[in-house]
Number of protein chains: 2
Amino acid sequence: MSLLHAVLGFAAIQPMTGYELGKAFSTTAAHFWPADQSQLYRTLHRAEADGLVDSTTVEQASRPDRRLYSILEPGRAALATWLASPLEPDTSREPFLLRLFFAASLGTAGVIALLDQRRSAAIELLTTLDSLAASAPPKLSKKALATQLQYATLESGRAHAHAEITWLDELRSQLTNPKESAQ
Amino acid sequence: MSLLHAVLGFAAIQPMTGYELGKAFSTTAAHFWPADQSQLYRTLHRAEADGLVDSTTVEQASRPDRRLYSILEPGRAALATWLASPLEPDTSREPFLLRLFFAASLGTAGVIALLDQRRSAAIELLTTLDSLAASAPPKLSKKALATQLQYATLESGRAHAHAEITWLDELRSQLTNPKESAQ
DNA sequence: ACGCCATATAGGACTTGTCCTATATTCGGG
DNA sequence: CCCGAATATAGGACAAGTCCTATATGGCGT
């Protein structure tokens with residue numbers, strides 16, 4: 001349901017085409033909301049059918065025509081309603097934890113290898129987020145608050161990556177010298 | 001795809017019915033892998049059709065019959081393959097971050113209210129995890145390593161909840177006294 | 001010269017998960 | 001005495017997302 005709201009959120013900043021929307025996602029929101037290209041276009045079609053946005057075709061020579069989507073009042077209203085609605089409880093899935101949960105048959109050494117894999121991935125994510133933050137942040141909006149919030153989502157990713165690494169390291173040392181497990 | 005692996009993981013510890021599987025999920029894995037009851041049974045059917053498990057019907061007087069599922073060799077093999085496969089990159093969705101990203105139109109006060117809502121939810125999650133950890137942990141397995149890993153998934157949840165709270169508090173104070181935003 | 005990438009949109013097939021309902025019985029609370 | 005919860009399994013309808021392919025052209029590298 002939320003891809004629609006994201007689409008409305010972007011369109012509320014300025015009219016965009018599906019292609020630009022895809023770019024916007026991948027450069028600013030990919031780390032917390034990956035958007036499939038097909039799903040994006042379908043969502044745009046549906047939003048238009050529902051009267052939340054409308055589109056104008058911009059003809060181009062030697063390039064496929066662009067469809068520029070603009071948000072309509074019902075779209076703005078839907079966006080505002082979503083922003084004001086109570087937060088739904090988190091039900092995210094964590095494939096890594098699932099794997100760890102059942103990893104006992106790998107033995108201690110195997111589990112440690114798993115933790116190390118995960119640690120590398122977390123480090124990689126950290127550097128990705130750092131470079132995203134360092135590179136000229138694409139200014140989606142002129143509003144200072146919007147820019148601040150955009151940056152905050154990056155900070156969130158970094159905070160969680162750090163927490164993940166710390167947790168991994170603690171677990172690893174717990175498994176490496178199992179003295180304290182015997183309580 | 002992974003619910004299947006979770007089912008195999010549980011069935012590898014001991015033969016279980018769909019109902020018991022549901023209980024096992026909700027008491028030990030719900031915080032990182034919610035399992036819908038319907039989906040569970042469907043997954044069991046499919047696993048049996050694929051020859052990964054088999055079932056025997058246990059007749060009961062005055063209760064619906066139970067179908068006890070046992071893992072077969074191909075199931076164990078599939079589980080082992082999954083455990084040994086390379087970690088796929090994380091592509092989890094974070095509805096809260098999406099919302100925050102587009103929340104500028106709420107104004108500073110509105111955003112702070114959003115952060116406070118989120119903070120309460122994180123605190124609540126923490127206490128839930130604490131009580132889960134405190135309550136006699138259902139021993140799924142006799143293996144010490146398995147118990148340790150089961151506990152570690154709870155620790156992970158706590159670590160991330162703490163990180164979330166810290167991040168929220170920092171963001172909140174940044175929004176409250178905006179001196180350092182003017183760099 | 002050839003292939004790949006960027007631009008731009010779109011549909012089909014499929015998987016996974018969610019929500020709701022159905023069925024049947026027993027036990028405990030108010 | 002009635003209502004709901006626990007035990008136990010299952011199907012239908014639907015929503016959302018993933019992956020692959022199609023279409024069309026211009027530019028860049030090798």
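In what follows, chains are A, B, ... by sequence order, proteins preceding strands, each numbered from 1.
With D:dA10, C:dT18, C:dA8 as the candidates, the nucleotide lying closest to the side chain of A:Tyr41 is C:dA8. Side-chain atoms of A:Arg42 lie closest to C:dG12 of the nucleotides D:dG17, D:dT7, C:dG12. Residue A:His45 places its side chain closer to C:dA10 than to any other of D:dG17, C:dT9, C:dA10. Distances from the side chain of B:Arg46 to the nucleotides C:dA10, D:dT7, C:dT16 place C:dT16 closest. Which of C:dT9, D:dT9, D:dG17 sits closest to the side chain of B:Tyr19 comes down to D:dT9.
Rounded to an integer number of Å, the gap from B:Leu40 CG to D:dA8 P is 15 Å. Remark: P of C:dT9 and CG of A:Leu44 are 9 Å apart, rounded to the nearest angstrom. In this structure, the CG atom of A:Leu4 is 9 Å from the P atom of D:dA16, given to the nearest Å. Atom NZ in A:Lys23 sits about 7 Å away from atom P in C:dA6, given to the nearest Å. B:Arg66 places its CZ atom 16 Å from the C1' atom of C:dA24, with the value rounded to the nearest Å. In this entry the distance linking CZ of B:Arg93 with P of D:dA15 reads 18 Å, nearest Å. As rounded to whole Å, 17 Å separates atom P of D:dA15 from atom CD of B:Gln39. Put simply, CG on B:Asp65 is 18 Å from P on C:dT23, counting in whole angstrom units.
Toward the 5′ end of DNA chain D lies the nearest nucleotide of B:Gln37, the other residue of the pair A:Trp33 and B:Gln37 mapping further downstream. In terms of position along DNA chain D, the nucleotide closest to B:Thr17 lies nearer the 5' end than the nucleotide closest to the other residue of the pair B:Thr17 and A:Asp36.
Using a 4.0 Å cut-off between a side-chain N of Lys or Arg and a carboxylate O of Asp or Glu, B:Arg119 and B:Glu124 do not qualify as a salt bridge. For the pair B:Arg158 and B:Glu155, the salt-bridge criterion is met [side-chain N within less than 4.0 Å of a carboxylate O]. In summary, B:Asp90 and A:Arg118 engage in a salt bridge, as defined by a charged side-chain N under 4.0 Å from a carboxylate O.
Of all the heavy atoms in A:Gly107 and B:Leu145, the pair that sits closest is C-CD2, 3.7 Å.
At the heavy-atom level, A:Arg67 lies under 4.0 Å from the strands shown only through sugar-phosphate atoms.
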Checklist line | CA sep, side-chain torsions, deciding dist, call: B:Glu20, B:Lys23, salt bridge (Lys or Arg N to Asp or Glu O under 4.0 Å) | finding: CA-CA 5 Å; B:Glu20 287 166 348; B:Lys23 288 279 162 192; over 6 Å; no

